[in-house]
Amino acid sequence: MDEILYDLCDWGAIEGIVYADYKDVFDILGPHVTKDGVLVNAYFPDAKSVTVKLNATGREYEMELVDELGFYATILPGKRVLKYTFIVEDNEGNKTKVEDKYAIKSQFSENDLKRFENGIHYDVYKKLGAHPAVVGGIEGTYFAVWAPSALRVSVVGTFNDWDGRTCQMGAVGDSGIFELFIPNAKRGDMYKYEMKIKGNKIIQKADPYGYMSEVMPQDASIVCDLEGFSWSDENWITKRKNTNQDVNPMSIYEVHLGSFDATIEKVNYRTIAPKIAEYVQNMGYTHIELMPITEYKDEDLDGYKVTGYYAPTSRYGTPEDLMYFIDYMHSKNIGVIMDWVVAYFAADDVALANFDGSCLYEHLDPRQGIHPELGTHLFNYNRPQVSNFLLANAFYWFDVYHMDGLRINDVASMLYLDYGREMGEWHPNSYGGNINLEAVAFIKKCN
């Protein structure tokens, strides 16, 4: 091996990369300006050879295999990073052009991180999650997830054969956020976050900010773009804005989409819309209240054990289908309210429960973290990033889906620390009382 290249190699970090056990991958992978030139590191575990090809000149530099598990490195001349592409040859001699995903700069500004840390980044769903994008002229998908206790986070999906080695995410400072732009990931691709947690256990989780999910019982998240739908409810929005809700009468029809019409074998948001609208108009209702349409796995409670807060359930169609449903209701002068389950969330392994190997979204103490009757997990509203997750979710349903209102479910279990518990089974607040002060503050802030 070249002596200069040998001296530039961080052997401990390289070992962390090849064993998928490293957080700060951007400090190692990708291009790095040194006094000896531009060091380019890459990890291709199944490659026979890797070459760096400069986009402007076409000049090629063969990379050296510095670790037999697939870590490659080379030094490019100069002190400026030029655009380049990897030429990756597999063991059968096939060559593929691959963009360097670790050459893409962070998409989080200091302001983003500060607002999220303080729980006031109300459109954080535009940053966290999966977002199709063009970065530096390259089409792909930008992924970001909050998992502060994870030892390593990777994106796995249909674009990398669910291999946690190949798309290891980089930590964004000490924010607990991991991010990665993946050039070959596109709309419709399925994905999860694979995490190595304490005890070197490997887990896979759906995206907390994922816009779409597989149809249950399959539970992977799906890369989705919500920008394509053409709304036609401007008149409704204007009318709603100018209406005094305190004096105008409201009559609300609560509906479960899956059981509204027993003659329909497979319900779709689009096809059920005219039937519901006709019934509601004939009965004189002004609004409908949708029982939970956020993604869920457990059928027992009709959607009240949520697994995906940003994903409309795929049981009834796509996000665009739900947008059509709401737009149609507005065209018939019918308001749409949704049940919003923010008291607790599903205990399913794929969702928020023990998300990064720690009690991230819930309380550590089961007297505060577990619902005594349902076994669901209770949100820790005192953690700014958790309250931000929920507050941003409210903005999301209003801004992206044009919802007219949210009905909070099971408020009593939020407000009272002794809800459903006997003496000694609950933990009092700082004043010795049974009021959940953080939940009260959350509801006030939400209003």
Q: With a 4.5 Å limit on heavy-atom distance, are the side chains of Asp356 and Val145 in contact?
A: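 They are not in side-chain contact.
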Q: Using a 3.5 Å distance criterion without hydrogens, assess whether the side chain of Ser106 forms a donor-acceptor pair with backbone atoms of Phe108.
A: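 Looks like yes, one N/O pair under 3.5 Å.
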Q: Is any side-chain heavy atom of Phe442 closer than 4.5 Å to one of Leu391?
A: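 Yes, side chains in contact.
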Q: Establish, yes or no, whether a centroid distance under 6.0 Å links the rings of Phe44 and Phe86.
A: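 Centroid separation for Phe44 and Phe86: below 6.0 Å.
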Q: Rounded to the nearest 0.5 Å, what separation is found between the CG atom of Asp90 and the OG1 atom of Thr96?
A: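 It is 6.5 Å, given to the nearest 0.5 Å.
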Q: Yes or no on side-chain contact (heavy atoms from CB on, under 4.5 Å) for Ile197 and Leu151, after CA distance, side-chain angles and deciding distance?
A: CA-CA 5 Å; Ile197 61 175; Leu151 303 177; 5.7 Å; no
Q: Is the distance from the ring center of Tyr211 to that of Tyr396 below 6.0 Å?
A: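 Yes, close enough.
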Q: Side chains of Ser49 and Glu89: is there a donor and an acceptor less than 3.5 Å apart?
A: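 Present: a donor and an acceptor within the cut-off.
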Q: Quick check against the 3.5 Å criterion: does Lys79 have a side-chain atom that pairs as donor or acceptor with the backbone of Lys35?
A: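 A pair under 3.5 Å: yes.
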Q: Mark yes or no for whether His131, through its side chain, and Leu128, through its backbone, hold a donor-acceptor pair below 3.5 Å.
A: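 Flag set: sc His131 to bb Leu128 pair under 3.5 Å.
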Q: For a side chain to side chain donor-acceptor pair (under 3.5 Å) check, start with the C-alpha distance between Asp112 and Ser109, then their side-chain angles and the critical distance, and finish with the verdict.
A: CA-CA 5 Å; Asp112 285 324; Ser109 67; 3.1 Å; yes
Q: Classify the angle between the aromatic ring planes of Phe229 and Trp231 as parallel (below 30°), tilted (30 to 60°) or perpendicular (above 60°).
A: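 Phe229 vs Trp231 ring planes: perpendicular.
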Q: Quick check: are there more than 12 heavy atoms from other residues, nucleotides or ligands sitting under 6.0 Å from CG of Asn94?
A: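 Atom CG in Asn94 is packed in, count exceeds 12.
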Q: When you compare the side chains of Glu295 and Thr313, does any donor N or O come within less than 3.5 Å of an acceptor on the partner?
A: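 Yes, because at least one side-chain N or O of Glu295 sits under 3.5 Å from a partner of the opposite role on Thr313.
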Q: Is there side-chain contact between Cys167 and Lys101, with at least one heavy-atom pair below 4.5 Å?
A: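 Yes; the side chains approach each other to less than 4.5 Å.
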Q: As an exercise, state the distance from CE of Met212 to CD of Glu320, rounded to the nearest 0.5 Å.
A: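 Between Met212 CE and Glu320 CD, I get 7.5 Å after rounding to 0.5 Å.
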Q: Counting C-beta onward and ignoring hydrogens, is there a side-chain heavy-atom pair between Tyr72 and Asn41 closer than 4.5 Å?
A: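 A side-chain contact is absent here, since even the closest heavy-atom pair is not under 4.5 Å.
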Q: Begin with the C-alpha distance, continue with both residues' side-chain angles, and end with the deciding distance and a verdict on side-chain contact (heavy atoms from CB on, under 4.5 Å) for Glu362 and Asn380.
A: CA-CA 5 Å; Glu362 65 270 59; Asn380 183 355; 5.8 Å; no
Q: What I want to check is whether the side chains of Asn160 and Tyr191 have a donor and an acceptor closer together than 3.5 Å.
A: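 Tyr191 and Asn160 do not have a side-chain donor-acceptor pair below 3.5 Å.
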Q: Just checking, Arg315 and Tyr296: is the charged tip under 6.0 Å from the six-membered ring centre and within 45° of the axis?
A: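 Arg315 over Tyr296 ring: yes.
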Q: What I want to check is whether the side chains of Asp189 and Thr141 have a donor and an acceptor closer together than 3.5 Å.
A: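 Result is no, nothing qualifies.
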Q: Could you check whether Arg115 pairs with Asp123 (Lys NZ or Arg NE/NH1/NH2 to Asp/Glu carboxylate O, under 4.0 Å)?
A: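 Result for this pair is yes, salt bridge flagged.
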Q: More than 12 foreign heavy atoms under 6.0 Å from CG of Asp7: is that the case here?
A: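 Atom CG in Asp7 is crowded, with more than 12 foreign heavy atoms closer than 6.0 Å.
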Q: Would you say the side chain of Ile87 lies within less than 4.5 Å of the side chain of Lys97, judging by non-hydrogen atoms?
A: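 Yes, their side chains come closer than 4.5 Å.
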Q: Within the structure provided, determine whether Trp162 and Lys192 are in side-chain contact (heavy-atom separation under 4.5 Å).
A: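 Contact flag for Trp162/Lys192 side chains = yes.
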Q: Set out, in order, the CA-CA distance, both residues' side-chain angles and the distance that settles side chain to side chain donor-acceptor pair (under 3.5 Å) for Asp410 and His371, then state yes or no.
A: CA-CA 11 Å; Asp410 205 356; His371 194 292; 3.3 Å; yes
Q: Under a 3.5 Å threshold, yes or no: a donor from one side chain and an acceptor from the other, between Tyr142 and Glu179?
A: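 There is such a pair (donor and acceptor under 3.5 Å, judged by atom type) between the side chains of Tyr142 and Glu179.
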Q: Between Asp404 and Trp236, do the side chains contain an N or O donor and an N or O acceptor separated by less than 3.5 Å?
A: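 Present: a donor and an acceptor within the cut-off.
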Q: Any carboxylate oxygen within less than 4.0 angstrom of a Lys/Arg side-chain nitrogen, looking at Glu139 and Lys186?
A: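 Answer for the salt bridge query: no.
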Q: If only side-chain N and O atoms count, and only distance matters, is there a donor-acceptor pair under 3.5 Å linking Asp321 with Thr318?
A: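 Present: a donor and an acceptor within the cut-off.
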Q: Between Phe379 and His363, is the ring centre distance below 6.0 Å?
A: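 Centroid distance Phe379-His363: not below 6.0 Å, so no.
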Q: I want to check something: taking the side chain as every heavy atom from C-beta on, are Asp233 and His402 in contact at a cut-off of under 4.5 Å?
A: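 Yes, their side chains come closer than 4.5 Å.
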Q: A quick test of your reading: do over 12 heavy atoms of other residues, nucleotides or ligands sit less than 6.0 Å from OH of Tyr6?
A: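 It does not: Tyr6 OH has 12 such atoms or fewer within range.
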Q: Run the side chain to side chain donor-acceptor pair (under 3.5 Å) check on Ser232 and Asp327 step by step: do they pass?
A: CA-CA 7 Å; Ser232 59; Asp327 197 51; 2.7 Å; yes
Q: Are Leu257 and Ile276 close enough, and set up right, to give a side-chain contact (heavy atoms from CB on, under 4.5 Å), and what steps lead you there?
A: CA-CA 9 Å; Leu257 293 181; Ile276 293 178; 3.5 Å; yes
Q: Exactly one of Tyr125, Tyr361, Phe389 should register a ring pair (Phe, Tyr, Trp, His ring centres under 6.0 Å) with Trp146. Which one does?
A: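 For Trp146, the ring pair (Phe, Tyr, Trp, His ring centres under 6.0 Å) test succeeds with only one of Tyr125, Tyr361, Phe389, which is Tyr361.
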Q: Quick one: CG on Asp10 to CD on Glu15, what's the gap to the nearest 0.5 Å?
A: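 So the CG of Asp10 and the CD of Glu15 are separated by 11.0 Å.
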Q: Does Trp426 offer a backbone N or O that forms a donor-acceptor pair with the side chain of Arg421 under 3.5 Å?
A: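 No.
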Q: Could you point out which residue of Asp339, Asn409, Thr294, Thr376 forms a side chain to side chain donor-acceptor pair (under 3.5 Å) with Tyr304?
A: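 Considering Asp339, Asn409, Thr294, Thr376, a side chain to side chain donor-acceptor pair (under 3.5 Å) with Tyr304 is found only for Asp339.
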Q: May I ask you to check whether Asp100 and Tyr84 show a side-chain donor-acceptor distance below 3.5 Å?
A: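 Asp100 vs Tyr84: donor-acceptor pair found between side chains.
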Q: Could you check whether any side-chain heavy atom of Arg165 comes within less than 4.5 Å of a side-chain heavy atom of Leu69, counting everything from C-beta outward?
A: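 Counting from C-beta outward, Arg165 and Leu69 never come under 4.5 Å.
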